[in-house]
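Structure, as structure tokens:
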Amino acid sequence: MERRERAAVAVERLAGVTRERFLRDIYPRRKPVVLTGLELGSCTTKWTTDYLSQAEGSKEVKIHVSAVPQMDFLSKNFVYRTLPFDVFVRRAAEFKHKEYFLTEDEKYYLRSVGEDVRRDIADIRKQFPILAEDVCIPEYFEKEQFFSSVFRISSAGLQLWTHYDVMDNFLIQVTGKKRVVLYSPRDAPYLYLSGTKSEVLDVDNPDLEKYPLFVKAKRYQCVLEAGDVLFIPDTVLPTALWFHNVLSEEFGVALNVFWKHLPAESYDKTDTYGNKDPMAASRAIQILDRALKTLEELPEEYRDFYARRMVLRIQEKAYRNDYG
Ligand SMILES: O=C(O)CCC(=O)C(=O)O
Ligand SMILES: [Fe+2]
């Protein structure tokens, strides 16, 4: 289907921002911004497909393989497969494959993970040590705040589901071009959430019968070219978790760095992906689910009355009053 882009607010692009300026003027605003012209190291010129494949050789990587361009985490319309890294890079860079898992034009996506997915956190220095030497990560945060560095390689045309993460993030586009559509956390009520993911995948041609409120979500957008760094803020003032939907317009290699914005103890210790809600938030949601279950003991009209009272109480006690 033809892509019809909806009206969008352009994410601001700022050139040559220093750490000092970032921390003083940009970070506190908690809004996405594209930083251009940062010193990212030799990766921006060196990382051709030949170099990448030869640098890390044939170590095995677990990848997403999709017969359709829009990957959907909720319906799982893709499969996980394993390939030697060099084979994977070549496949991701080509359009039609001689060897394939599903279809000759299937798309590939690597989101690097730690050695033991359940226990270890993605860190490019550990999983791809040779390539890590070529990257200079803009460290606009304290060393202790560092959480993970995630290597991401994508076929042209692949689109990643709309989601939020719980940590501050620099998405460093090393090669290739991608379009990122973002939504403010304020628009969460219009995004049909299931956990940290939105059901609305096709942000260009949404099914408005199924998702009528989606038209109310304000779309922010940017195109990342090689060498651009997108700051995606995680949480707190004045808004919270920015949603993003990423469409790789070309084969591309990226690295994203998550860092902790809240005190370290707020985060879930079992979270290796950086996408589990802070612990107090998950506990509160569990308690709410129990309260909803308890309401089921009442007849419908009583349930409705008390549910509305509970909503009012949440608004009164927990909403910010300057969240205009
Ligand atoms: O660029 C991508 O492929 C996805 C980026 C993303 O979701 C992130 O940086 O959190
Ligand atoms: Fe993300």
Side-chain angles (χ1 to χ4, degrees), residues 11 32-35 40 43 47 52 61-66 69-74 78 88-89 92-93 107-113 121-124 128 135 137-138 140-141 146-185 188 191 193-198 200-201 203 220-235 240-261 267 271-277:
V11 175
V33 54
V34 179
L35 305 172
L40 300 174
C43 56
W47 284 9
L52 290 166
V61 285
K62 196 176 162 202
I63 49 170
H64 301 61
V65 182
S66 183
Q70 267 164 1
M71 277 201 298
D72 181 356
F73 188 83
L74 298 171
F78 56 87
F88 156 71
V89 170
K107 307 212 180 298
Y108 297 84
Y109 189 75
L110 167 73
R111 187 260 187 235
S112 70
V113 290
I121 286 161
D123 186 339
I124 191 175
F128 300 91
V135 197
I137 293 173
Y140 288 10
F141 49 87
F146 173 85
F147 176 73
S148 62
S149 50
V150 185
F151 196 34
R152 296 179 187 265
I153 299 183
S154 176
S155 290
L158 189 97
Q159 191 166 8
L160 190 67
W161 53 84
T162 315
H163 67 280
Y164 71 80
D165 303 295
V166 302
M167 297 198 198
D168 277 339
N169 183 359
F170 272 158
L171 173 55
I172 304 168
Q173 192 63 29
V174 180
T175 69
K177 183 172 160 185
K178 70 178 48 142
R179 183 198 76 179
V180 186
V181 171
L182 301 115
Y183 298 95
S184 157
L191 295 177
L193 297 187
S194 175
T196 60
K197 281 107 185 146
S198 161
V200 189
L201 298 176
V203 294
Y220 291 75
Q221 184 168 310
C222 58
V223 172
L224 299 182
E225 306 267 1
D228 290 347
V229 176
L230 172 63
F231 168 54
I232 311 177
D234 73 346
T235 178
L241 319 134
W242 281 80
F243 294 85
H244 42 289
N245 174 292
V246 180
L247 170 65
S248 293
E249 298 189 339
E250 298 170 357
F251 163 75
V253 182
L255 174 69
N256 88 281
V257 187
F258 287 123
W259 75 93
K260 299 173 197 151
H261 178 235
Y267 296 99
D271 182 11
T272 55
Y273 283 91
N275 66 2
K276 287 198 183 169
D277 293 313

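Counting starts at 1 for both ligands and their atoms, in listed order. All residue numbers in this chain count up from 1 along the given sequence.
Taking a heavy-atom cut-off of under 4.0 Å, ligand 1 is surrounded by Tyr109, Arg152, Leu160, His163, Asp165, Asn169, Leu171, Lys178, His244, Val246, Asn256, Phe258.
Contacts of Phe251 classified as ring pair (Phe, Tyr, Trp, His ring centres under 6.0 Å), with partners at least two apart in sequence or in another chain: none.
By the 30° and 60° cut-offs, the orientation of the rings of Trp259 relative to Phe141 is parallel. Ring geometry for Phe78 against Phe73 counts as tilted: the plane angle lies between 30° and 60°, on a 0 to 90° scale.
Restricting His163 to its N/O/S atoms, the shortest distance to the Fe ion (ligand 2) is reached by NE2. When distances from the Fe ion (ligand 2) to the N, O or S atoms of Asp165 are compared, OD2 comes out shortest.
Between the side chains of Ser248 and Ser154, at least one donor N or O lies within less than 3.5 Å of an accepting N or O.
Among Val174, Val229, Asp228, the one residue that satisfies the side-chain contact (heavy atoms from CB on, under 4.5 Å) test with Leu40 is Val229.
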Worked verdict on Trp47 versus Phe128 for ring pair (Phe, Tyr, Trp, His ring centres under 6.0 Å): CA-CA 13 Å; Trp47 284 9; Phe128 300 91; 9.3 Å; no
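Although no hydrogens or angles enter the test, the distance criterion places no donor-acceptor pair under 3.5 Å between the side chain of Ser148 and the main chain of Ile121.
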